[in-house]
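Only one structure is covered here, and it is reproduced in the block below.
Lettering follows sequence order; numbering is per chain, from 1.
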Amino acid sequence: MFQSVKQFVSKHFSALNDETTALNERQAIANGLKGFLMGLFRFVIILGVCYVIMGPVLGIIANSFFSNKDAYNPMVYLIPQNPTLERYQMAIKIMDYVPTMLKSLLYSFSLMLMQILTCSMVGYGFARFKFPLKSLLFGCVVVMIVIPTHTIMLPLYMTFRNFDPLGIVSAITGAPINLMGTPFPMILMTILGCGLRSGLYIYIFNQFFRGLPKEIEEAALVDGAGTWYTYFFIMLRNAMPSVITVAVFSLVWQYNDTFYAKLFHLPQSQSIGTRISSLVANIANQYQIMDKTIQTLYLDAGIVLMMIPVVLIYVILQKQFIEGVERSGIVG
Amino acid sequence: MKKKHSLTLSQKRTVNGYLFILPWLVGFAAFYIRSLFMTIQFSLSDLTVGVSGYSLSWVGLKNYLYAFTAHGSFKQILTSSVINMVVDVPLIIFFSLFMALMLNRKFRGRTLVRAIFFLPVILNAEAIVDAIETAAMMVATGVSSSSQEMAQSASGGIGIGYYIDLFGNLMISRDMLEYIVGAVNRITSIVSASGVQIVIFIAALQSIPSSMYEVAKIEGATGYETFWKVTFPMVMPHIITNIVYTVVDSFISSDVVTLAYNTAFSEFNYGLSSVFSLVSTVVTCAILVLVCGFISKKTFYYN
């Protein structure tokens, strides 16, 4: 009797087991198919969007090698039939490329250092110290991000055109000085934490410093480090991810900027962006090339030349940069 | 021994805090607050630039009246800028949330894809953006041809117009369809405007504790339910950040700014330019406050 029950149970269970295995197998196949289809869907969408982003860039690069014949041949698409370097030679000559690029990079690089210094200091101040009116003042940082720069462009222009802070300059030289056409307006604004998108950088640093553990500073204090020593040699080193983020952002955006360069009449030899804007006009005037299609080819070559340093910096720092943006969080 | 007047530790820290933010404080007062007042002052006066400095003569609301009643294009440009913004912002937000969800999974070549997605942020120079838009027209004619072109090519027989009508018969309103077709037409500008937003959303997605997903899985929630009950509420706060970023970014590159710039530096009408700047800023801020106020009421804050 007992034996038969046992037999029955084991038989029944094995049948049940087989059924479940079969079910599991079917489910596994269905899941695998679902996963594959989802993967395919994702692949197609990501590929499509990458094409939308890269397509025009590739188009510009390809166009810059087109000869006149290729530009008018509707059969030529992306791959030039008679590739030519003439566009580049001309663009380099007209834009005075190498010196302009070096000066432009130097300018952006020095402003980048100032941005990092000032914005990290201010961000640290907001993140770690308690003082009266703190939340109101931090609200002002947010206001700075939100207010478009063009709202204050005229007063800035007037201020630097007749530069006379508190009447000191006119007391010494007799008249306010004109700072237009020099890099000083931008340097002054950047040092005082009001440069190109400084508000955003302050915000990034503030978020990052708030996320660092307080114990680091307490240990430093116990070991006898002063506030400024702690900041420069301990906190700033720990903030490397956000330093890299801000460095790339500010270097690239400063390099690309034409708004402030135009507003402060930065000389063309220092700003490659304004050189590009006048490239087409220069080609039309100096070389009598009036054909719009051909002019565009020269412009494309100029743009490729302008992109090269930026893309190089980006490719080198890409990994740290993206991780930095994600970790140091523009996010709260 | 003479008692020295010394500060307590917390007082010292207060002083140090002010010292740390001092450079910004000076700059903010000198460049932002002062400039805002000056812009308001300029907008209410006639400004003439002399050899040393400028002189103002009070004219009251004349500039405002001129901008709104007599100026040829200000009202149209302002309206079209605002409309463009209102149309683009939801598209950019949804697109970047969608792409962030896609990119958040692990797959081969993820680093490369992320690098490509961030490329437009790096190439945001005015000249490059213009050239990319032209090139997008030329290279990807299929993607970016205008709806007019599509309608023309479809004039004979079955074409895109036919399908649009087909959807029209399916109770989807014509306006909605136009909006979607328009969005597809502007895909390049939408994609290139959403680099930073995608990164913000990815960071937000990664900060969601995985225990929440485990609970949802144990309770038997489907992927769809998990998205709406867990993922979406958790990224809600970052939607506001992204909206602020998108609105400000799109306004900086809008036509109103160009108009204000040209009025000041080509026509030398500084008073009118200040009016343009002020009005557009006020409009932007009003939109921001409205939208953020509305959304933050619906937002769920985890902390």
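Residues satisfying the ring-ring contact (aromatic ring centres under 6.0 Å, His included) test with F264(A), not counting sequence neighbours, are F160(A), Y260(A).
Comparing P132(A), G193(A), G273(A) by heavy-atom pairs within less than 4.5 Å of chain B, the highest count is held by P132(A). Among K12(B), Q41(B), M38(B), the residue with the largest count of heavy-atom pairs under 4.5 Å with chain A is M38(B). Chain A forms the most heavy-atom pairs under 4.5 Å with one residue out of V15(B), L25(B), V244(B), V248(B), and that residue is V248(B). Options V191(B), I33(B), L22(B), L288(B) differ in how many heavy-atom pairs under 4.5 Å they form with chain A, and the most are formed by V191(B). Interface summary for chain B: among V143(A), L279(A), V57(A), V141(A), the most heavy-atom pairs under 4.5 angstrom belong to V141(A). Interface summary for chain A: among V257(B), T284(B), D249(B), V26(B), the most heavy-atom pairs under 4.5 angstrom belong to V257(B). Of all the listed residues (S277(A), G199(A), G302(A), G125(A)), the one sharing the greatest number of non-hydrogen pairs under 4.5 Å with chain B is G125(A). The choice from S10(B), S192(B), P23(B) that makes the most heavy-atom pairs within less than 4.5 Å of chain A is P23(B). When the candidates F251(B), Y245(B), F265(B) are compared by the number of heavy-atom contacts under 4.5 Å with chain A, F265(B) comes out ahead. Across V146(A), N178(A), I276(A), the residue that shares the most heavy-atom pairs under 4.5 angstrom with chain B is V146(A).
The part of V252(A) that comes within reach of chain B is its side chain, from C-beta onward, which places non-hydrogen atoms under 4.5 angstrom from that chain. Of the atoms belonging to V247(B), not a single heavy atom falls under 4.5 Å from chain A. Using a 4.5 Å cut-off between heavy atoms, M54(A) touches chain B through its side chain atoms alone. In this structure, no portion of R275(A) lies under 4.5 Å from any heavy atom of chain B. Residue T118(A) touches chain B through its side chain alone, counting heavy-atom pairs closer than 4.5 Å. If you measure heavy-atom distances from M153(A) to chain B, the contacts under 4.5 Å come from the side chain alone. Within the 4.5 angstrom heavy-atom criterion, only side-chain atoms of A264(B), from C-beta onward, approach chain A. Contact of F98(B) with chain A is made through the side chain alone, with heavy-atom distances under 4.5 Å.
Taking the side chain as every heavy atom from C-beta outward, F95(B) and V49(A) approach each other to under 4.5 Å. With a 4.5 Å cut-off on side-chain heavy atoms, S280(B) and T151(A) do not count as touching. For the pair F28(B) and L137(A), the minimum side-chain heavy-atom distance is 4.5 Å or more. Annotation: side chain of S198(A) is not in contact with side chain of W24(B) (no heavy-atom distance under 4.5 Å). Contact annotation: the side chain of N16(B) approaches that of W228(A) to within less than 4.5 Å [non-hydrogen atoms, C-beta and beyond]. Looking at L154(A) and S273(B), their side chains come closer than 4.5 Å, going by heavy atoms from C-beta outward. L123(B) places a side-chain heavy atom less than 4.5 Å from the side chain of V311(A). Side-chain contact between I46(A) and M99(B) is present, with at least one heavy-atom pair separated by less than 4.5 Å.
Across R13(B) and R128(A), no two heavy atoms sit closer than the pair NH2-O, 3.3 Å.
With values rounded to the nearest 0.5 angstrom, T149(A) atom OG1 is found 5.5 Å from Y32(B) atom OH. Atoms CD1 and CG, from I116(B) and L47(A) in turn, are 9.0 Å apart once rounded to the nearest 0.5 Å. Distance check, rounded to the nearest 0.5 Å: CZ of F31(B) to CE of M189(A) gives 5.5 Å. Between the CD1 atom of I53(A) and the OG atom of S194(B) there is a distance of 7.5 Å, given to the nearest 0.5 Å. Between atom CD1 of residue I147(A) and atom CG of residue L36(B) there is a gap of 4.5 Å, rounded to the nearest 0.5 Å.
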**OP:** Begin from the C-alpha positions of N256(A) and I122(B) and carry the test side chain to side chain contact (heavy atoms under 4.5 Å, CB included) through to its verdict.
**Re:** CA-CA 9 Å; N256(A) 285 343; I122(B) 301 300; 5.7 Å; no
**OP:** Check the pair I21(B), K134(A) against side chain to side chain contact (heavy atoms under 4.5 Å, CB included), reporting the backbone distance first and the verdict last.
**Re:** CA-CA 10 Å; I21(B) 67 161; K134(A) 184 173 138 175; over 6 Å; no
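For the pairing with F20(B), the ring-ring contact (aromatic ring centres under 6.0 Å, His included) check across F232(A), Y231(A), F126(A) returns one residue only, Y231(A).
Put simply, the side chain of S35(B) never gets that close to the backbone of P155(A): no donor and acceptor are under 3.5 Å apart.
Within 6.0 Å of CZ on F43(A) lie no more than 12 heavy atoms contributed by other residues, nucleotides or ligands.
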